[in-house]
Amino acid sequence: MTEPHILDDLAWRGLIAQTTDLDALRRDLDAGMVTLYSGIDPTAPSAHIGHLLQWLTLARFQRAGHRPIALVGGATGLIGDPKPTSERTLNDRDVVAGWVDKLGAQLRPFLDFSGGDNAALLVNNLDWTEGLSALDFLRDVGKHFRVGRMLAKEAVSRRMESDEGISYAEFSYQLLQSYDFLELFRRYGCTLQTGGSDQWGNLTAGTDLVHRVEGRSLHALGTPLITKADGTKFGKTESGTVWLDRELTSPYAFYQFWIQAEDAMVGTYLRAFTWLSHDEITELERLTEEMPQAREAQRALARSVTGMVHGEVEVERAEAASRALFGRGELAQLDAGTLAAAIAEIPSYTTARDEKPTIVDLLVGSGLSASRGAARRTVAEGGAYVNNTKVETEDWEPADGDLLHGRWLVLRRGKRNAAGVELAGA
RNA sequence: GGCGGGUUGCCCGAGUGGCCAAAGGGAGCGGACUGUAAAUCCGUCGCGCAAGCUUCCCAGGUUCGAAUCCUGGACCCGCCA
């Protein structure tokens with residue numbers, strides 16, 4: 001099968017929500033190498049899977065022969081993109097700078113920086129805004145913006161209508177981001193900006209600015225906001241955002257997030273987040289339709305994305321742990337090595353046998369329950385398990401016979417949340 | 001600068017002296033069903049085994065008693081200048 005055109009591939013993957021001028025973009029892409037960019041702001045010490053989608057989109061263009069620029073917003077991160085809901089809290093400069101470094105390191109594996117005409121670039125918009133004086137900024141950038149249009153932007157107008165309003169700083173955000181596009185056009189001949197469709201206002205503000213200043217019509221491409229089937233936020237679990245940083249979201253938890261994907265959306269996720277071919281994905285979608293309980297598509301999705309972010313070794317570990325914890329086999333029959341490996345993947349803690357912990361102690365100690373009251377509730381609701389056996393009473397204590405290989409317990413709250421406990425001391 | 005309105009639990013939002021640990025909705029969590037899916041139904045949802053403790057922007061005060069009243073402060077919004 002020959003490679004489809006990059007735009008056709010993106011369209012097939014459901015990654016094109018809106019574009020400035022699709023035909024013009026196609027002509028430019030066909031005429032030769034296009035330099036494009038996508039930026040993310042450092043608002044946390046790690047990127048999450050929404051950012052991953054943007055980086056993957058850049059990577060898809062790069063594989064099609066174009067040159068990606070990954071921007072990390074060291075400057076824009078100091079101001080804050082207006083959220084429709086509320087004003088952001090300003091972060092300290094050195095904190096933001098630290099996050100810029102982390103995000104930069106985190107994105108490197110997804111793009112090819114190793115030479116060639118279309119080697120990727122990593123840039124920080126603080127490099128060209130830090131030295132800019134307020135007067136220059138207002139004259140060179142601000143003068144080209146009409147407040148009426150700025151107010152019309154979705155996020156701004158929503159905020160204007162809210163009780164909280166919007167600060168001048170956040171209101172100015174779109175000028176900063178627009179200036180990035182202008183600067184990247186001048187420095188690198190960058191002619192396309194991609195981003196989430198929630199960034200559409202900022203993307204077009206950029207093309208407008210370049211048009212005014214340079215007389216060139218550049219391109220913008222917005223990827224759709226990925227949601228769950230009911231339209232609610234994607235990328236959250238009980239414990240919060242799904243991060244790429246393994247310290248914040250363990251590879252096992254990352255794998256579990258994907259394997260729990262809804263049937264109705266697993267195809268969408270496969271298309272957007274994996275490098276699997278059209279044929280492979282079509283086949284997985286067919287399997288989901290015909291034998292959903294086999295969860296082949298979810299498995300392929302989890303394997304693929306986890307592999308991309310954390311590597312194949314982590315995939316193997318996560319799969320092995322998942323088999324052990326969710327499999328049909330008795331936990332007691334697992335050998336010590338397999339069990340230890342599985343427990344290493346899930347949250348776990350060690351407590352002393354002398355403590356005589358009850359099920360409530362164990363649930364709280366392992367972090368599975370937020371408070372003793374919550375732990376009791378879980379037991380009362382029938383949601384507490386030790387070694388896959390339901391615990392019926394609050395004052396249950398592990399007997400020696402309950403310890404797997406003489407020291408471990410596998411706790412579970414509900415169907416999906418597992419934790420390990422090691423009981424130390426003879 | 002003037003005048004008016006506002007700040008309640010994760011979110012929205014009722015509550016204007018006791019019946020308020022605080023209605024209702026959403027989200028979340030657990031169960032049933034199933035497939036580590038969705039939908040649906042049921043339950044639950046400050047901390048504590050309990051007695052009780054700590055909450056309704058912050059600090060004081062009035063009162064037997066305050067989320068509710070008073071004083072001061074912070075922050076937000078609107079209109080006018």
Side-chain angles (χ1 to χ4, degrees), chain A residues 82-90 157-171 227-242 252-270 284-285 287-303 306 318-329 331 342 345-346 357-361 363-364 367-385 388 390-397 410-419:
Chain A
K83 284 189 293 186
T85 46
S86 61
E87 184 87 10
R88 291 176 191 269
T89 308
L90 289 180
S157 62
R158 289 272 293 278
R159 283 281 294 283
M160 293 291 291
E161 289 159 16
S162 78
D163 287 346
E164 195 177 4
I166 183 169
S167 70
Y168 186 75
E170 287 197 3
F171 178 59
T227 61
K228 297 204 283 187
D230 60 4
T232 58
K233 192 170 296 214
F234 165 79
K236 297 280 183 187
T237 68
E238 190 192 342
S239 42
T241 303
V242 179
Y252 171 80
F254 191 85
Y255 180 90
Q256 283 293 318
F257 168 77
W258 294 102
I259 209 155
Q260 286 163 7
E262 321 165 75
D263 291 353
M265 294 305 288
V266 67
T268 300
Y269 303 154
L270 280 166
L284 288 165
E285 287 172 339
L287 287 171
T288 295
E289 195 130 328
E290 290 177 8
M291 32 187 281
Q293 65 281 8
R295 309 179 66 75
E296 289 295 337
Q298 278 89 344
R299 232 175 289 283
L301 175 69
R303 190 179 303 141
T306 308
E319 285 185 331
S322 298
R323 273 195 302 274
L325 297 168
F326 289 98
R328 297 247 162 67
L331 281 169
E345 296 297 314
I346 57 180
T358 65
I359 183 64
V360 172
D361 297 324
L363 284 169
V364 173
L368 240 33
S369 292
S371 68
R372 298 181 61 79
R376 281 169 202 286
R377 209 179 300 133
T378 295
V379 174
E381 289 168 338
Y385 299 82
N388 287 342
K390 186 180 287 188
V391 172
E392 307 279 358
T393 57
E394 296 182 355
D395 49 8
W396 181 93
E397 289 178 28
V410 174
L411 296 178
R412 196 146 57 75
R413 196 203 76 221
K415 212 182 275 188
R416 306 175 194 168
N417 305 290

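Throughout, a chain's letter reflects where its sequence line sits, starting with A, and its residues are numbered from 1.
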Answer for the Watson-Crick or wobble partner of B:C69, both distances under 3.5 Å, is B:G61
Fill in: No-hydrogen, no-angle side-chain donor-acceptor test under 3.5 Å, A:E394 and A:T358
no
Ranking B:U36, B:A38, B:G35 by distance to the side chain of A:Q256, first place goes to B:U36
Item checked: Under-3.5 Å donor-acceptor pair between A:E381 side chain and B:G43 base -> yes
Just so I know, are the side chains of A:T393 and A:I359 near enough to count as touching, which here means a heavy-atom distance under 4.5 Å?
no
Scanning all shown strands, the Watson-Crick or wobble mate of B:U7 with both distances under 3.5 Å is B:A74
At less than 4.0 Å, is any side-chain N or O atom of A:R416 found next to OP1 or OP2 of B:A37? Yes or no.
yes
> Does A:T288 have a side-chain nitrogen or oxygen under 4.0 Å from the phosphate oxygens OP1 or OP2 of B:A37?
Replying inline: no
From the list A:L270, A:V266, A:L301, side-chain contact (heavy atoms from CB on, under 4.5 Å) partner of A:W258 resolves to A:L301
### Message
Mind checking if A:Y385 touches a base, just sugar-phosphate, or nothing, with heavy atoms under 4.0 Å?
### Response
sugar-phosphate
Picking from B:U36, B:C49, B:A37, the nucleotide nearest the side-chain atoms of A:D263 would be B:A37
At under 4.0 Å, does any side-chain N or O of A:N417 touch on OP1 or OP2 of B:G30?
yes
To the nearest angstrom, the CZ-P distance between A:R376 and B:C45 comes to 14 Å
Whole-Å distance, A:D395 CG to B:A50 C1', equals 15 Å
- Message: I'd like to know whether A:N388 forms a side-chain contact (heavy atoms from CB on, under 4.5 Å) with A:R412, so could you lay out the CA-CA distance, the side-chain angles of the two residues, the decisive distance to 0.1 Å, and finally the verdict.
- Response: CA-CA 7 Å; A:N388 287 342; A:R412 196 146 57 75; 3.3 Å; yes
NA contact type, A:Q260, heavy-atom cut-off 4.0 Å: base, sugar-phosphate, or nothing?
base
Closest of B:G35, B:A37, B:U44 to the A:P292 side chain is B:G35
Practice problem: Please determine if a side-chain N or O atom of A:R295 lies less than 4.0 Å away from the OP1 or OP2 oxygen of B:A37. | Solution: no
So does A:S371 get a side-chain nitrogen or oxygen closer than 4.0 Å to the phosphate oxygens (OP1/OP2) of B:C47? yes
For B:U16, the nucleotide meeting Watson-Crick or G-U wobble distances (both under 3.5 Å) is none
Q. Does a distance-only test, which skips hydrogens and angles, find a donor-acceptor pair under 3.5 Å between the side chain of A:R372 and the base of B:G48?
A. no
Paired to B:A81 by Watson-Crick or G-U wobble criteria (both distances under 3.5 Å) is none
